[in-house]
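Below is one structure, written out as structure tokens; the observations come after it.
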Protein chains: 2
Amino acid sequence: MPNRRPTAQDVAKHAGASRSAVSMVMNGNADGNVSPDMQERIRRAAAELEYTPHPIASGLRRQRSRMIGIVTDEAASSPFAGRMLAGASQAAAGHGYLTVIADAGGPAADTTHFIDELRRRRVDGLILATQSLRTIVVPDGLRLQPSVLANCRDAAGTMGAIIPDEVRGGREATEHLISLGHRRIVWIGGGVDVDARPARIRGFQAALAAAGLPPGEVVEAGWDIDDGFRAAEALFAPENGPRPDAVFCASDRVATGALLAARTAGLDVPGDISIMGYDDQRHLADATVPGLTTMALPHEGMGRVAAERIIAALDSNAEIGAETTLLECPLVVRGSTGPAARA
Amino acid sequence: MPNRRPTAQDVAKHAGASRSAVSMVMNGNADGNVSPDMQERIRRAAAELEYTPHPIASGLRRQRSRMIGIVTDEAASSPFAGRMLAGASQAAAGHGYLTVIADAGGPAADTTHFIDELRRRRVDGLILATQSLRTIVVPDGLRLQPSVLANCRDAAGTMGAIIPDEVRGGREATEHLISLGHRRIVWIGGGVDVDARPARIRGFQAALAAAGLPPGEVVEAGWDIDDGFRAAEALFAPENGPRPDAVFCASDRVATGALLAARTAGLDVPGDISIMGYDDQRHLADATVPGLTTMALPHEGMGRVAAERIIAALDSNAEIGAETTLLECPLVVRGSTGPAARA
DNA sequence: TTGAAAGCGCTAACAT
DNA sequence: ATGTTAGCGCTTTCAA
């Protein structure tokens with residue numbers, strides 16, 4: 001049933017060549033070692049038999065598995081996990097690498113065990129990915145072979161990392177709003193416990209300043225739908241003074257709440273007010289009406305770039321470097337933002 | 001730098017035994033072949049040298065990779081993908097298997113190529129997982145080694161599958177509502193294009209009938225937040241007659257809309273009305289206030305059971321069977337449902 | 001230019 | 001009860 005596959009030996013016999021000639025041809029090391037017509041015959045024989053080299057055997061010989069391991073802390077609970085894994089998997093596949101995953105299953109779960117297991121399995125490189133952006137103490141095992149961090153940074157600063165450029169994201173989101181003619185933009189939401197918030201607000205204020213506008217108002221609130229609803233409800237109440245032209249929300253959840261508060265207050269979005277989210281959370285940002293304009297967290301990109309960086313190092317036998325790569329958060333324009341109403 | 005690891009040879013020398021003795025001890029085949037004290041010495045030597053067998057070498061010899069491949073259609077865009085992969089990864093790890101993933105990257109992308117690639121890599125078994133519940137034509141490659149489907153079923157009915165028991169989910173959700181004293185329960189939402197909807201509604205009506213209640217009203221609407229908002233808004237309007245005791249929503253998104261419609265209408269949830277969701281979509285069902293009571297789609301379970309089923313077949317050398325396993329959708333009680341208000 | 005030989009590290013059948 | 005041997009399928013060095 002495990003239909004016996006042809007080996008290099010079979011191909012060699014079929015083509016009237018030696019096993020080593022087959023090996024060289026399959027690996028592109030044949031020029032200058034095997035005559036052109038022999039190469040051609042081998043290639044034809046391989047095609048005919050549907051021969052494809054046995055990766056385990058070649059891995060054993062080369063001491064390379066062509067596998068990249070990905071260790072995650074609690075991917076299970078994150079709606080974004082799939083995107084990261086898909087990004088890494090696709091990038092890796094493009095270079096003939098496979099991605100193997102190990103989900104540690106909880107925030108507290110120590111990833112060390114899984115890192116060791118993956119190393120035992122002889123992965124060529126390792127990605128340690130966290131669910132939320134933060135700074136971590138890197139387990140020793142990671143330093144023993146090419147590795148990078150995704151969505152987190154090394155407390156010691158000695159390990160390469162790929163993280164979203166939240167400051168730039170905050171700035172560009174604000175620029176989008178400004179370019180639509182909005183002047184009075186209010187920030188809503190985001191508890192103080194998460195690293196991303198201050199960065200986004202920094203970008204927000206920077207854009208405002210660069211446009212010669214006064215610092216933006218920042219309304220404290222949580223990260224969830226209801227937090228956004230409440231904060232926006234208060235903001236839109238006539239007795240609380242003139243309403244803003246636009247609100248920039250700490251997350252898509254907050255923005256969803258704001259969206260519904262606007263509707264409740266009889267405001268048209270984006271006719272009367274523009275609402276901007278952050279995260280591009282699937283099945284949320286694209287599920288509201290109008291859809292949320294938002295800054296996408298580059299999860300797919302983090303996976304892709306992490307894989308590419310490791311593979312580049314592997315394939316060129318170079319060190320991987322300790323730089324932190326900041327990835328742009330792409331602006332996703334849906335329906336919740338539009339031109340300012342007043343002249 | 002790839003710090004040379006000890007081999008079975010080293011352990012044998014260290015313990016004064018033969019390579020094969022070491023192999024037997026490490027694989028638990030030693031009893032009756034190696035003397036107890038020798039076994040002990042070998043074990044100690046292995047521990048001392050931190051020896052751990054080389055999986056690639058043993059894989060080559062045994063013609064087993066101890067890897068399970070997972071092919072997904074468009075996991076990237078699904079907020080649920082991570083849970084399935086985590087479930088599979090954890091279950092596999094528990095049996096000494098590794099999960100390798102290949103994301104085909106799109107709905108249309110043909111998974112055949114990825115199945116072949118994984119087979120080339122000699123995975124021992126394969127899981128084909130889809131993002132949304134549906135019936136598919138199984139690629140030939142899948143039939144060539146132990147495989148199961150997750151979240152989809154085989155059009156030909158000859159391949160094992162793990163899918164959520166949506167009928168039971170609909171029934172149990174309704175029973176929960178009935179047990180709280182609700183009598184007039186209305187279904188909201190869910191376009192006709194998705195397989196899950198009719199199943200859930202069937203369960204809904206079955207529970208009602210079993211309790212001796214009249215068939216429930218079904219309100220057409222889409223799957224998204226705004227669909228729920230609009231449908232619930234109409235439902236709660238006084239001019240449309242007495243309002244229901246509870247609404248059962250086709251998805252958490254619809255329920256989120258209903259929740260906000262209730263608030264807008266001045267209704268207390270769950271004091272005045274109970275709202276039930278479906279999916280347990282993270283960062284949504286747990287992000288509203290009150291949190292949504294919902295039926296969780298068993299993504300983690302599908303991953304886990306799929307992996308376990310394959311591994312069981314692999315480890316016992318048995319056929320995998322064509323049965324479809326229906327997985328319970330667990331009831332997740334949060335704050336949006338409560339006892340009926342009236343006596 | 002070609003082919004033979006030596007392993008990579010392990011396991012399983014075999015002989016002792 | 002122990003040790004020896006022959007590969008798994010491949011790559012690479014070395015000799016022809």
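Computed from heavy atoms alone, side chains included, the values below leave out hydrogens, waters and symmetry copies. Throughout, protein chains are lettered first and strands after them, A, B, ... in sequence-line order, and every chain is numbered starting at 1.
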Does [N] have OP1 or OP2 sitting under 4.0 Å from an N or O in the side chain of [X]?
X     : N     : result
B:T7  : C:dG9 : no
B:Q63 : D:dG9 : yes
A:S35 : C:dT2 : yes

Report which part of the nucleic acid [X] touches: base, sugar-phosphate, or nothing (heavy-atom distance under 4.0 Å, all strands).
X     : result
B:A21 : nothing
A:S58 : sugar-phosphate
B:N27 : sugar-phosphate
B:S20 : base

Side chains of A:S78 and B:R282: donor-acceptor distance under 3.5 Å anywhere?
-> no
For A:R120 and B:T52, does a side-chain donor sit closer than 3.5 Å to a side-chain acceptor?
-> yes
Rounded to whole Å, please give me the gap between [atom1] in [X] and [atom2] in [N].
X     : N      : atom1 : atom2 : value
A:M26 : D:dG9  : CE    : P     : 16 Å
A:N29 : D:dC10 : CG    : P     : 16 Å
A:L60 : C:dA6  : CG    : C1'   : 13 Å
B:R5  : C:dG9  : CZ    : C1'   : 13 Å
A:D37 : C:dT1  : CG    : P     : 11 Å
A:R61 : D:dG9  : CZ    : P     : 16 Å
B:Q9  : C:dC10 : CD    : P     : 9 Å
B:R64 : C:dC10 : CZ    : C1'   : 16 Å

5' precedence on DNA chain D between B:A57 and B:M38 (nearest-nucleotide basis) = B:M38
By nearest nucleotide on DNA chain D, pick out whichever of B:M24 and A:P55 is the more 5' one.
-> B:M24
pair B:I162-B:N151: side-chain heavy atoms closer than 4.5 Å = no
Charged N to carboxylate O below 4.0 Å: is that the case for A:D103 and B:R83?
-> no
Do other residues, nucleotides or ligands put more than 12 heavy atoms under 6.0 Å from A:D140 CG?
-> no
Of A:P36 and A:R19, the one whose closest nucleotide on DNA chain C sits nearer the 5' end is A:P36
